[in-house]
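Here's the structure we're looking at; comments come further down.
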Amino acid sequence: MSTMIQAIRMALHVGETKLGVTDIFGEDVGPPLGGVFTGTQGLKTAWNTPLDERGIIGMAIGLALAGQKPVAEIQFCDYAFNTIDLLKIAGNTYWSSGGDWNVPLVVMTPVGAGIRGSIYHSHSFDAMATRIPGWKIVMPSTPRDAYGLLLSAIADPNPVMFLMPKALLRVKDKVGDDIPGAPNDDRVLASMIDAPLGDRTQWTPNWPPLEELYIPIGKARIAREGTSVTVLTYGRNVPMSLVAAEELAAEGIDTEVIDLRSLHPYDWDAIVASVRKTNRVLCVNEDTEITNFGEHLIRRIVEELFYELHAPPKLLAGVHIPGIGLADNLEMASVPQTAGIKAAIAELAAHQP
Amino acid sequence: MSTMIQAIRMALHVGETKLGVTDIFGEDVGPPLGGVFTGTQGLKTAWNTPLDERGIIGMAIGLALAGQKPVAEIQFCDYAFNTIDLLKIAGNTYWSSGGDWNVPLVVMTPVGAGIRGSIYHSHSFDAMATRIPGWKIVMPSTPRDAYGLLLSAIADPNPVMFLMPKALLRVKDKVGDDIPGAPNDDRVLASMIDAPLGDRTQWTPNWPPLEELYIPIGKARIAREGTSVTVLTYGRNVPMSLVAAEELAAEGIDTEVIDLRSLHPYDWDAIVASVRKTNRVLCVNEDTEITNFGEHLIRRIVEELFYELHAPPKLLAGVHIPGIGLADNLEMASVPQTAGIKAAIAELAAHQP
Amino acid sequence: MSLSSAVLTSVPPAGRFSAEQSLKVYDLMLRTRLLEERLIAMYKQGDGYFWIGGPGEEAFNVPLGILANKGEGVDHDYLHLHYRSSGTLLAMGADPVDSLRQMKNVASDPYSKGRNFAGHFSKRAWNIVPVSSPIEVQFSIAIGTARAQRAGTGAKGITIVQGGDAGTAEGDFATALVWSSRKGNELPMLMIVTNNRFGISTPFAGQHGYEQVSDRGKAFGMPTAVVDGNDPEASYAALAKALEYVRTERKPYLLEAMVSRLRGHSSASGANVAKNEVDCLERFEHTLESRAVMTRAQMESRRAAITAELLEASRHVRDEAPPAPGTIWDYVFTDKNHVGGER
Amino acid sequence: MSLSSAVLTSVPPAGRFSAEQSLKVYDLMLRTRLLEERLIAMYKQGDGYFWIGGPGEEAFNVPLGILANKGEGVDHDYLHLHYRSSGTLLAMGADPVDSLRQMKNVASDPYSKGRNFAGHFSKRAWNIVPVSSPIEVQFSIAIGTARAQRAGTGAKGITIVQGGDAGTAEGDFATALVWSSRKGNELPMLMIVTNNRFGISTPFAGQHGYEQVSDRGKAFGMPTAVVDGNDPEASYAALAKALEYVRTERKPYLLEAMVSRLRGHSSASGANVAKNEVDCLERFEHTLESRAVMTRAQMESRRAAITAELLEASRHVRDEAPPAPGTIWDYVFTDKNHVGGER
Ligand SMILES: Cc1ncc(C[n+]2csc(CCOP(=O)(O)OP(=O)(O)O)c2C)c(N)n1
Ligand SMILES: Cc1ncc(C[n+]2csc(CCOP(=O)(O)OP(=O)(O)O)c2C)c(N)n1
Ligand SMILES: [Mg+2]
Ligand SMILES: [Mg+2]
């Protein structure tokens with residue numbers, strides 16, 4: 001049993017010891033802090049950069065061009081918006097050079113709301129990321145998926161963006177759904193790999209004998225099977241949708257929850273199979289709702305599966321306003337909550353064609 | 001009769017003489033060049049900035065905060081992608097400060113393909129722009145609309161983005177659809193306001209007695225009335241759609257072409273009225289097709305007008321690849337062309353529910 | 001100009017404060033410190049989600065607030081501040097209760113209506129541009145207010161922009177240097193770097209190729225200076241000199257203030273008392289005591305009075321209403337549905 | 001290393017080229033000039049949509065190509081070039097016909113498969129990183145290849161990055177200065193600014209606060225220099241000195257070369273012959289003539305031969321096939337449908 005942030009740390013350890021990762025870097029990523037969410041504690045190739053996101057992404061591209069395997073972190077995705085041109089370059093270099101130079105790098109960044117992060121620690125990045133061709137984009141909702149997707153991201157010879165749902169980073173995984181090679185007891189794991197509070201200069205982690213696990217990029221996970229309504233979602237909204245689904249099960253509504261895991265390439269086959277079964281679709285994500293990735297999914301579903309639909313597909317997303325306010329009332333009204341997901345599923349299930 | 005770029009120049013002249021515009025600036029915007037597309041020739045408040053897009057947008061925000069009325073240009077929208085964080089700030093300052101500071105500025109930038117601009121002079125910006133809350137976004141398809149929308153943008157107390165379809169900038173307008181106060185004879189107009197080739201140090205423009213014209217932000221224009229299929233489009237794809245519509249008219253397909261003119265806020269009433277009439281919708285734009293603004297329109301249409309639809313709504317957009325290639329074959333295969341629009345309309349019209 | 005500045009304009013640069021001036025500055029520094037402590041206490045008691053602020057920067061930020069030409073529009077100074085600027089705000093006359101309101105994110109928060117973190121000030125009536133969380137962007141934005149005040153416009157105010165040391169690695173810092181110093185197009189802009197030798201956990205050493213950030217101004221032909229930001233008299237003098245230059249020459253100036261970070265980066269790092277940092281307030285108290293301007297007892301009683309006042313204020317704020325959910329839709333546009341031309 | 005470099009490594013810094021060396025450099029400069037002229041002619045005849053290139057930079061860019069340590073991987077020099085770098089490419093041994101192919105955007109264009117503009121080179125076998133249209137981003141990317149070559153790694157190559165003068169206003173130029181000079185973390189990186197005193201139509205004067213761009217390196221503690229980029233011997237010497245420093249010290253160096261822009265910015269501004277600009281080729285011809293290294297007649301015959309050769313090549317290129325529409329889908333990912341773990 002581990003948290004997602006521990007799973008990420010363990011994957012990075014495997015990356016730097018077995019998969020050739022040469023540099024893990026970003027603001028406060030190296031000692032003493034090891035990341036504002038502790039994701040990079042105790043890693044031997046982790047180092048602190050200057051406070052310059054453009055330099056961080058540029059550094060990652062340059063290292064990748066030089067045949068290294070960099071993992072760069074943007075401390076919060078909210079601070080990646082001055083680097084979109086560089087992210088586009090990472091995504092277009094292979095294409096622009098006619099296959100001459102590939103750019104094997106990983107960018108990881110925490111995304112989304114749920115920690116009362118106010119205007120600049122609550123942004124989402126999924127809509128933006130899916131607009132940048134040439135990138136693969138993944139987003140886990142469980143520690144095990146985080147571990148396996150991050151290893152796949154590192155192994156991939158293309159630029160891969162690893163979006164970390166920040167509200168889930170410290171949530172403990174369910175027993176049995178754990179990391180191969182890590183101890184089951186969470187206190188044991190913490191004592192091995194979590195840096196102590198206070199002085200850390202003498203501390204070194206005691207890594208468990210981790211095994212490689214690859215969650216394929218491009219494959220969704222059916223988080224809950226069901227027949228009434230399909231929910232297409234990822235990250236933080238997966239556990240929310242599962243809670244909503246369990247509550248609705250009591251009311252006789254049998255929800256299928258698909259955790260996309262990969263936003264690009266996404267698992268179209270899984271989506272088609274589910275829509276053919278349930279005939280009703282809800283897309284849930286936290287990003288603002290105008291020009292949203294869920295709208296892409298709905299557009300494609302409508303274009304290709306129109307006559308399979310027994311209800312208009314629905315999107316539940318962040319409202320289209322300039323920020324997420326700090327006060328509870330404001331944040332709750334700005335991004336999907338469990339009650340809203342439940343209501344949307346129920347409405348779809350009740351819809352009479 | 002004028003070109004769109006002349007119409008823009010005339011609107012800026014009205015802006016600086018009647019509407020309080022204090023600064024028109026960007027790379028090569030001032031003398032001697034007056035803009036790479038000649039849009040700012042002869043304007044008294046036009047000046048050249050350093051080659052620094054972040055500075056350009058920051059400058060615009062600062063001037064707006066200081067109560068001035070700036071019009072900033074990004075030379076090609078392709079070079080605005082390192083400023084998205086600043087564009088977000090322009091869009092969120094009024095909201096974040098709880099209504100304390102508004103940011104009345106205009107950013108204008110040429111967008112889209114059609115001039116064999118290769119990878120970095122062919123990008124679109126409509127999908128990106130519609131993802132930034134707090135901005136109004138307009139995009140003309142005729143010189144007259146350019147004139148009237150730019151005046152509305154200047155008069156607006158919010159940040160407004162004025163997207164210039166670069167393939168249309170030098171196209172001459174139809175007679176009768178002209179700028180109030182400008183001479184009808186295009187040679188006369190050119191002799192008055194176009195800078196001469198070569199040395200310009202002694203040249204000053206001779207502005208016609210222009211009248212103010214405001215095309216309301218948020219209102220679409222029905223470019224062609226029809227009953228069979230609705231095309232929702234803007235910018236460069238409007239004239240293409242009109243050509244396609246005329247060709248199809250001969251085949252008995254009566255297309256309604258809606259030129260949105262405003263992407264945000266957009267004219268939902270006009271869209272609803274048209275869809276209720278035709279029951280078939282095609283969205284056309286040049287931006288890449290994953291997480292595209294047309295997908296927003298389709299999602300909303302599907303959510304609110306599902307049972308009005310006699311065919312699955314369709315999107316015709318740029319393909320999801322990292323760039324637009326220089327060679328003719330590549331550009332033509334990457335963004336919608338008239339033949340493709342025509343085929344898509346015909347397919348929708350022929351669709352049997 | 002603020003009342004407090006009237007008291008102090010007679011101070012000769014680099015000189016000692018008079019007794020009256022000392023009391024004024026001390027009171028503002030103490031009030032600022034106690035406000036920050038109250039905010040931290042509120043955070044620790046669950047009356048707020050996040051704290052960030054300026055304990056350790058009072059000796060510099062209070063003089064800045066005193067010397068600023070306060071008011072609205074180009075004839076006053078625009079302030080593009082960092083998130084550690086409560087000393088500047090209080091010196092300009094801000095009511096501390098408003099900071100408590102922002103901390104508690106209640107609807108009455110005048111800076112952001114419960115939307116933004118503590119320390120994210122905004123006050124148009126005083127030309128205080130909204131403090132934004134993204135580091136250093138204020139340096140790119142400040143060139144715009146400065147242009148509106150450039151030589152020839154007749155504007156009497158100048159632009160003041162402030163940020164931390166680590167943030168100078170962002171391109172925006174270079175943007176401000178480049179745009180403010182264009183020959184013949186210089187901008188009246190005071191750029192301030194408050195150097196506390198840290199960006200969150202990352203020390204200054206090893207991240208920069210120079211000893212002092214202000215050296216970066218030299219290539220651009222602008223005057224630069226470094227001041228001990230833990231000394232209110234030195235800070236006052238350095239600021240007065242820099243402001244005088246910018247106001248008169250209408251050209252840029254780069255000032256670096258060496259300051260302390262007494263409570264760590266923010267509540268995310270615990271907001272606990274830091275070791276090995278000079279405490280400017282303690283130091284100033286020693287000075288005032290040794291100069292016999294104030295006694296310990298007087299200081300203690302001042303401290304007690306302000307502490308009580310702030311505690312009382314925070315109790316009051318605790319009962320204020322949160323913003324209603326529907327208010328998220330307010331202030332997206334100045335008009336709900338503005339249509340161009342309808343002026 | 002290229003063959004040509006073997007010829008020249010014996011030149012003492014700042015010294016005169018030997019006769020043999022002069023001929024070699026002259027030939028490369030001439031070939032570069034004539035290639036650019038052919039490209040412009042192709043543009044004017046409708047055999048390409050856009051031209052941008054380096055007439056006026058041959059005297060600097062040719063020595064750069066000669067001195068570069070050519071090859072693939074960290075033991076060779078990474079080159080992050082500007083779009084005026086044909087002289088560097090030809091000096092490294094590139095076949096001019098490939099530039100014609102890119103101009104004509106045919107499928108055989110080895111640099112971009114008909115996708116990118118002329119002058120946008122890419123050649124992994126020689127560590128030539130793709131030239132990208134966005135100005136100055138190469139300065140942010142170069143720090144990455146330089147880090148892979150930093151002291152302690154044992155890498156023998158260094159990183160060379162080049163851009164124009166106007167582009168130094170972008171934050172990315174500052175990024176390179178900041179990241180390359182971090183104390184204890186210095187990067188082996190030669191930063192080159194080719195200053196032609198223009199950004200498209202905008203003159204250098206009035207946009208910068210300093211006389212020389214290279215002054216900006218001083219605050220960062222790195223060596224800087226300015227060289228007459230119209231003089232191939234001075235350029236060669238300055239480059240040799242800078243490269244020697246970076247190779248040995250594994251620290252950054254900032255070199256500014258004053259160059260000419262003989263055909264304006266690009267085809268968008270007409271690509272016509274500029275007035276009042278020093279022509280480095282003409283100047284070098286005078287030198288060679290006055291030193292009796294070559295006669296006018298020899299030069300003319302060389303020029304005629306290369307001109308004919310390039311004309312012939314362009315005729316050939318005109319018949320090559322354009323890329324097929326379906327190729328737009330090639331090279332989006334290295335795998336068509338890569339799934340992690342399948343190594
Ligand atoms: C653009 C951006 N990147 C990262 C962050 C996260 N962050 C907040 S404060 C901080 C350190 C700032 O250090 P410095 O500029 O020295 O100011 P200080 O906090 O020390 O006063 C960082 C990295 C941010 N707010 N904005
Ligand atoms: C980021 C960016 N902004 C704007 C442009 C448009 N543009 C192309 S070249 C150029 C001027 C470059 O001047 P300089 O850096 O001096 O290089 P030069 O062309 O003079 O060699 C501009 C503004 C661009 N390509 N990239
Ligand atoms: Mg600091
Ligand atoms: Mg130049």
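In what follows, chains carry the letters A, B, and so on, assigned in the order in which the sequence lines appear, proteins first and then strands, with residues in each chain numbered from 1.
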Part of [X] lying under 4.5 Å from any heavy atom of chain C:
X      : answer
A:I115 : neither
A:H121 : side chain
A:P322 : side chain
A:R116 : both
A:D78  : neither

If you count heavy-atom pairs under 4.5 Å between each of [options] and chain A, which one has the most?
options                : value
C:S132, C:A107, C:G114 : C:G114
C:N116, C:V106, C:T168 : C:N116
C:K104, C:Q102, C:R115 : C:R115

(request) For A:R131 and A:A127, indicate whether the former's side chain and the latter's backbone hold a donor-acceptor pair under 3.5 Å. (result)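 No, A:R131 side chain to A:A127 backbone: no donor-acceptor pair under 3.5 Å.
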(request) Determine yes or no for a side-chain-to-main-chain donor-acceptor pair under 3.5 angstrom, with A:R9 supplying the side chain and A:I193 the backbone. (result)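 At least one qualifying donor-acceptor pair exists.
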Polar side chain donor-acceptor pair, [X] to [Y], under 3.5 angstrom:
X      : Y      : result
A:D194 : A:Q6   : yes
A:N285 : A:N292 : yes
C:N61  : C:Q162 : yes
C:R101 : C:S108 : yes

(message) Looking only at heavy atoms and a cut-off of under 4.5 Å, which of A:M332, A:E27, A:E53 has the most pairs with chain C?
(response)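 When all of A:M332, A:E27, A:E53 are compared, A:E53 has the most.
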(message) Taking every non-hydrogen pair under 4.5 Å, which of A:L51, A:T49, A:N48, A:D52 racks up the most with chain C?
(response)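 So the answer, after comparing A:L51, A:T49, A:N48, A:D52, is A:L51.
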(request) Assign the ring pair A:F76 / A:Y79 to parallel, tilted or perpendicular, where the plane angle (0 to 90°) is split at 30° and 60°. (result)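 Perpendicular: the ring planes of A:F76 and A:Y79 meet at over 60°.
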(request) If the plane angle is over 60° it's perpendicular, under 30° parallel, otherwise tilted; pick one for C:Y83 and C:H120. (result)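 Geometry flag for C:H120 against C:Y83: parallel rings.
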Per-residue contact mode, [X] against chain A (heavy atom under 4.5 angstrom):
X      : answer
C:Y49  : side chain
C:K113 : backbone
C:A268 : neither

(message) Please tell me whether C:H80 and C:F139 form a close aromatic pair, meaning their ring centres lie under 6.0 Å apart.
(response)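 No - the distance between ring centres of C:H80 and C:F139 does not fall below the 6.0 Å cut-off.
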